Amino acid sequence: MSTYLGMPTAPEGVGHLRGSEPFPAAARRALANTQLRHNLAMATATIRAKRAAVVAEVPDWEELRAAGQAAKAGAMRHLDRYLEQLETQVQARGGHVHWATDAVAANRIVTDLVAATGSREVVKVKSMVTDEIGLNEALAVAGITAHETDLAELIIQLGHDRPSHILVPAIHRNRAEIREIFLREMAGVDPALTDDPAALAEAARLYLRRRFLAARVGVSGANFAIAETGTLCVVESEGNGRMCLTLPDTLITVMGIEKVLPSWEDLAVFLQLLPRSSTGERMNPYTSMWTGVTPGDGPQQFHLVLLDNGRTAALADETGRQALHCIRCSACLNVCPVYERVGGHAYGSVYPGPIGAVLSPQLTGVEENASLPYASSLCGACYDVCPVKIDIPSVLVHLRARHVDEARKERRLPHAEAIAMAAASWVMAEPRRYSAAQRAARLGRPLGRRGRIGQLPPPLSAWAQARDSPVPPSQTFRQWWRDEHRKPS
Amino acid sequence: MSGRDEVLARIRAALADDGETAHPASTGPASTATQFRTRGTLEPGPLLDLLAERLADYRALVRRAAPAELDAAVGASLADRGARRIVVPAGLDLTAPPDGIEIVTDDGLSADDLDAFDGVVTGAAVAIAETGTIVLDGSPDQGRRAITLVPDYHLCIVHAAQVVEIVPEAITRLAARADHPLTWISGPSATSDIELKRVEGVHGPRTLEVILVGP
C-alpha cells in the first residue's frame, strides 16, 4: 500500500518545486496585490471562454477524455517496458538516450553535453521540466548562457521573474508592464516601443532572430514521446520551438519519464485534447515531431534525457499516481477560484494551481509541500475540465490524509483540522454525545449577526479568519422531529 | 548502479503492488472500450469548404484552384505577395514558373541564405479540415524543415485527395511516415502570451497562404 514511503523524491536545493514559505502566507501577500488580481481575472476569463467554445464543437469530447485517461493509465502501468522500447527506437535512429535519477543528475548530463559541443550558449524551447530542475541556473554556473525563446519565458527571463502559469508563464504581467521590462532589459530595443501586443511580439522577433540563425545547441522538453516509433513531439505556437528543434547542430531534449505513450495512434487522441484544453484553439499553430536523427534535415546530434526526480515516488502511490497523467494544458488553473485570486507564485513551485497542488507534494514528498494539498476548496471544477480526467479533488484529500498520517507518525502536533476531525468522530459515534453537542451549539446563537458568525475563539479562529460560519438553528432537527410527531393529528 | 538501472528499478518497485490485470498492456486507444470518432462524414465538396473556412479562421490566406489552374494560381499568389526571390524544395514541380520571379531550388542552403528569400513554395502530405491544419512530412515536394521556417512567407499547395476531416484520419495516413520529421501547421505563427490575446506573426512565417486544388 505504502511503497511511496522510502522512494527517493526530488532533492532539495536544486530546481523550483518548493516555495520559501507555506501557501497561506504567500497567498495572503498575493491577495493584497490588486494589479495581479486584475491581470489574472482578465486573462483567465478570456481563456475559459475560448476553451469552452472549442470544446463544445467536438461531439466526442467525453469519449476522447476517457481514451486519454485509459492511454495514460496503460502507459503508467507498464512504464518500464515503454521507456525501454522508446530507448531502443531512439537509438536505432541515431539518437542517444540518458537516464537521470533526479535534477542534479539531469543538470550534470545536459551541462556536460553542451560543454562537449564547445558552445557557450543554448537556445531553449519553453519547457516545464527544465524549469523544474533549474537547468538555466546550472548552465550559468558552468558559464553557459541559456536564451529562453518563448515570448512569455523571455518576459520572465528579462524581468528576473518567476513563471506563474504552466502555459502562459507571464500571465501575471499586463501589456504595460511587459513594455517596461522590454524597454529596460532588451538590448537594442526601439525606444518608441508601444504596449500593443503585436508591437511587443515584433520586438521579441527582432531580438531573437540572430540568436536562432546562429544557434548551435537547442534544448527542449517534450509533450509526448511514442514508445512504438521513438517519435518525440513538441506542441507550440510561435515558431520558436521549430527554430530550436530545426536549426541547431545539436538538440538536447529533457523529458519526464511519464511523458511516454505506447503507440503512434495515441496521438490521435492527445492532439485533439491538448490544444483545445490549453490555448482554446482547434489546433495550435505548430507541432513538431522527430525521430532520432534525419540526415540532411535538422540537428545531426540528438540526445534524449529521461528524468525521474520524484516521479517514481508518485507512481508508487496508487491514488496519487494519476497526477502523472497530466499533459500540462493548464485548463485546471484557468477554472480554479483559488488560482484566479492568488496567482501562480503563491504555490512556490513551477507547477501551480490544482495540478501543482497534487503534483509538487508528490515529487518532493508531502511533508516538504504540506500546505499545498490544502490550497483548494475542493469545488471540483478542475476535474470537470481535465482532458485526461485526473480526479484532482480526490488526490488532494488523499494527500491531506497522507500529511496527517506522516505528521502523526513523527509524533508532531497534528494540524487543527486533524484534531477537529478526531473530536467530531468521537462526538458523532454516540447518539447521546451528538445530541448534547447540538444543544451546546445553540449557545453560540448570540454571536451571530444576520445569520452569520464571523469570529470564533481559538483554536477555531484560524478557520474563521477567512470563513463565516452559519448561526446554529434555535431548534435541532431531532427536536423538531420530536415536536412534530408529538402533535395530535 | 547506473542511472538507467536505478530508474528502472524504482519503477518496478513502484508498480510491484499492482495487480497484473489492473491495466493490461495497451496497444493504443483503439483497444480500450471507449470509442471516439475515427472517420469523418463529410462529402468531398463540403470537406474542402470546411478546410478553407477553418484555414481562414486562423488567418491563413486561401486560394481555390482547379487542377488546370494551379500554375496560374501560384503565379497570382506570388505576384500579390510582391515576391521576387523564392526558394522551393528539389521535388516541387512548378511546370511554368511565373515570369520575373527567381526560383531557387534548395540544396542545403544555410539559415542566413534562407532568411534572404521572400518566401517558399511547397506541397503538403495531409490536411485536416476540422482543425484547419496542413502537415508536412519531408517528402521531396516539401523539403527539409528549415525551408518552411525561416522565410517569412509560406505558400503551400494542397490537393483535394490529401484532405481528411478529423485528426485521427491524419494520424492513420501518416503512420507509415512516423519516423520522418513532421510539421503540423495551423495558420501563421502566433502567440497568446500577452493577456491571452492572439497575435499573429512571431518567429515562424508571418504569412501562410494555401492553394486548395480541387474540383
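These numbers come from a predicted model, not from an experiment. Convention: sequence-line order gives letters A, B, ...; per-chain numbering from 1.
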Please identify, among [options], the residue contributing the most non-hydrogen atom pairs under 4.5 Å to chain A.
{"options": "B:G201, B:P168, B:A190", "value": "B:A190"}
{"options": "B:K197, B:E200, B:R54", "value": "B:R54"}
{"options": "B:E169, B:R12, B:R144, B:H203", "value": "B:H203"}
{"options": "B:T38, B:I147, B:I128, B:V150", "value": "B:V150"}

So what's closer than 4.5 Å to chain A heavy atoms on [X]: side chain, backbone, both or neither?
{"X": "B:D5", "value": "neither"}
{"X": "B:P188", "value": "backbone"}
{"X": "B:V135", "value": "neither"}
{"X": "B:L174", "value": "both"}
{"X": "B:V202", "value": "both"}

Note: [X]-[Y] ion pair, threshold 4.0 Å (strictly below):
{"X": "B:D193", "Y": "A:R173", "result": "no"}
{"X": "A:R276", "Y": "B:E130", "result": "yes"}
{"X": "B:D18", "Y": "A:R321", "result": "yes"}

Counting distance only, does the side-chain N/O of [X] pair as donor-acceptor with the main-chain N or O of [Y] below 3.5 Å?
{"X": "B:Y58", "Y": "A:R282", "value": "yes"}
{"X": "B:R145", "Y": "A:D297", "value": "yes"}
{"X": "A:D60", "Y": "B:R37", "value": "yes"}
{"X": "B:E195", "Y": "A:R175", "value": "yes"}
{"X": "A:T291", "Y": "B:A178", "value": "yes"}
{"X": "A:W99", "Y": "B:S2", "value": "no"}

**Residue that, paired with A:D308, satisfies side-chain contact (heavy atoms from CB on, under 4.5 Å) out of B:I11, B:L8, B:V7** = B:V7
What are the two closest heavy atoms between [X] and [Y], and how far apart are they?
{"X": "B:R4", "Y": "A:E87", "answer": "NH2-OE1, 2.7 Å"}
{"X": "B:G204", "Y": "A:R205", "answer": "O-NH1, 3.4 Å"}
{"X": "B:T131", "Y": "A:M283", "answer": "CB-CB, 3.8 Å"}
{"X": "A:A201", "Y": "B:T191", "answer": "CB-CG2, 4.3 Å"}

**Other residues, nucleotides, ligands: >12 heavy atoms within 6.0 Å of A:E57 CD** = yes
Using 0.5 Å steps for rounding, measure from the [atom1] atom of [X] to the [atom2] atom of [Y].
{"X": "B:I171", "Y": "A:Q272", "atom1": "CD1", "atom2": "CD", "answer": "9.0 Å"}
{"X": "B:E6", "Y": "A:D102", "atom1": "CD", "atom2": "CG", "answer": "9.5 Å"}
{"X": "B:W184", "Y": "A:T287", "atom1": "CH2", "atom2": "OG1", "answer": "7.0 Å"}

